Amino acid sequence: MEKQVEKVFVKVNQKWQRATVTGEQDGKASVVTNDGQSFNVPKNKKYFEPIKSMDQKFAYKDLEEQLKGHYVSFEKLSPSVRDNLAEGKEYFYEGTYVSEGELKESAKMIQMVYDRNLGSRLDVQYRRNEDVTLDKAWAYNHSFSADEFERMVDKKEFVLFQGSTNDGEVFQKLAYYEPKVQDIRTKSALSTNTYFYGRTLTAKQADALNKGQELEMEIKSKVHGTKPYLVSWSPRRETFITKNIDLEKAKKIEVNSEVKKKSRNRGMKV
């Protein structure tokens with residue numbers, strides 16, 4: 001039986017990186033990082049951590065360090081919350097602290113994200129004291145229009161917008177209104193680098209899904225073979241939503257039949 005390759009996290013130059021174990025001797029693991037660095041590292045040190053699951057995106061030790069910098073106790077979080085954060089999912093944190101003899105509340109949305117220049121970091125968005133207004137609805141140097149604001153706040157939709165950095169780098173983002181923080185929240189837009197069941201999205205697919213459209217796409221599985229599904233994207237959960245086409249068609253037929261039945265009943269005379 002072929003031995004499964006061990007994947008780990010290692011901390012190199014103050015950044016946590018993914019690596020593959022290529023060998024082991026005298027308590028040290030030989031690893032190759034994703035960017036091609038090869039070296040030996042003691043397995044019992046604080047900068048070495050085996051990956052627990054396929055869904056894990058960040059090291060738990062990395063997460064603990066990042067939370068400590070924002071005064072959130074890693075030990076007091078439930079194991080399920082720790083797992084979710086290590087998988088890159090967001091978590092709404094509510095806590096209290098004492099300042100100047102007063103007990104004060106802290107409410108914030110936290111999420112581990114990856115920056116190609118800085119490495120991993122904890123994204124923190126504090127809850128506003130009052131609901132965001134149109135004149136203060138902006139993100140990444142983009143000021144949202146009245147139409148975009150209405151779609152997010154009133155219609156509960158998400159919008160695709162073009163953001164930019166102060167040095168002129170331009171990129172696409174998705175935004176929606178998050179009532180927990182009473183503010184606009186942003187997430188990364190889908191692109192041709194996004195994988196969907198083992199294949200990258202085409203530019204046309206990514207653009208349509210970013211605009212909130214539902215597409216018919218094929219999904220290949222070992223059990224069911226290749227079948228078409230209705231696919232949409234949820235920026236809030238950062239996950240694809242798939243629907244069985246046959247079941248959706250059956251639901252529509254059932255709804256239409258019920259509507260016709262009610263229509264006939266209303267037309268009957270007693």
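Everything numeric in this text was worked out from a predicted model, so none of it was measured.
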- Item | Donor on one side chain, acceptor on other, Y126 and D183, under 3.5 Å | no
- Item | Under 3.5 Å: donor-acceptor pair, side chain of E178, backbone of K180 | yes
- Using the salt bridge (Lys or Arg N to Asp or Glu O under 4.0 Å) rule, collect all pairs that involve residues 35-45, keeping only residues at least two apart or in two chains. E24-K43
- Query: Distance only, no hydrogens: is a donor on one side chain within 3.5 Å (strictly under) of an acceptor on the other, for R185 and Q125?
  - Reply: yes
- Please list, chain by chain and in numerical order, all residues satisfying side-chain hydrogen bond (donor to acceptor under 3.5 Å, both in side chains) with S80, sequence neighbours excluded. S78
- Could you check Y97 against Y71 for ring pair (Phe, Tyr, Trp, His ring centres under 6.0 Å), going step by step and ending with a plain yes or no? CA-CA 10 Å; Y97 63 98; Y71 306 102; 8.8 Å; no
- Under 3.5 Å side-chain donor-acceptor pair for S145 and D147: no
- Query: Does the side chain of K104 pick up a donor-acceptor pair with the side chain of T96 at under 3.5 Å?
  - Reply: no
- Query: Take atom CG in N13; do more than 12 heavy atoms of anything else shown fall under 6.0 Å from it?
  - Reply: no
- Query: Do we see a donor-acceptor contact under 3.5 Å between the side chains of E238 and Q111?
  - Reply: yes
- Hey, are E64 and K46 close enough for a salt bridge, meaning a charged N less than 4.0 Å from a carboxylate O? no
- Query: Centroid-to-centroid, F9 to W16, below 6.0 Å?
  - Reply: no
- Heavy-atom closest contact (D62 atom, S120 atom, distance): OD2-OG, 2.5 Å
- Query: Is K108 close enough and on-axis enough to F92, meaning under 6.0 Å and within 45°, for cation-pi?
  - Reply: no
- Would you verify whether the NZ or CZ of R82 falls within 45 degrees of the ring axis of F74 while also being under 6.0 Å from that six-membered ring's centre? yes
- Task: Report the residues that fulfil side-chain contact (heavy atoms from CB on, under 4.5 Å) with K173, sequence neighbours left out, ordered by chain and then residue number.
- Result: Y140, F161, F171, S188
- Would Y47 and K61 count as having a side-chain donor-acceptor pair, cut-off 3.5 Å? no
- Message: For a salt bridge (Lys or Arg N to Asp or Glu O under 4.0 Å) check, start with the C-alpha distance between K243 and E216, then their side-chain angles and the critical distance, and finish with the verdict.
- Response: CA-CA 9 Å; K243 300 177 184 176; E216 184 175 320; over 6 Å; no
- Message: Is it the case that the side chains of Q56 and R18 hold a donor-acceptor pair, with the cut-off being a distance below 3.5 Å and no angle test?
- Response: no
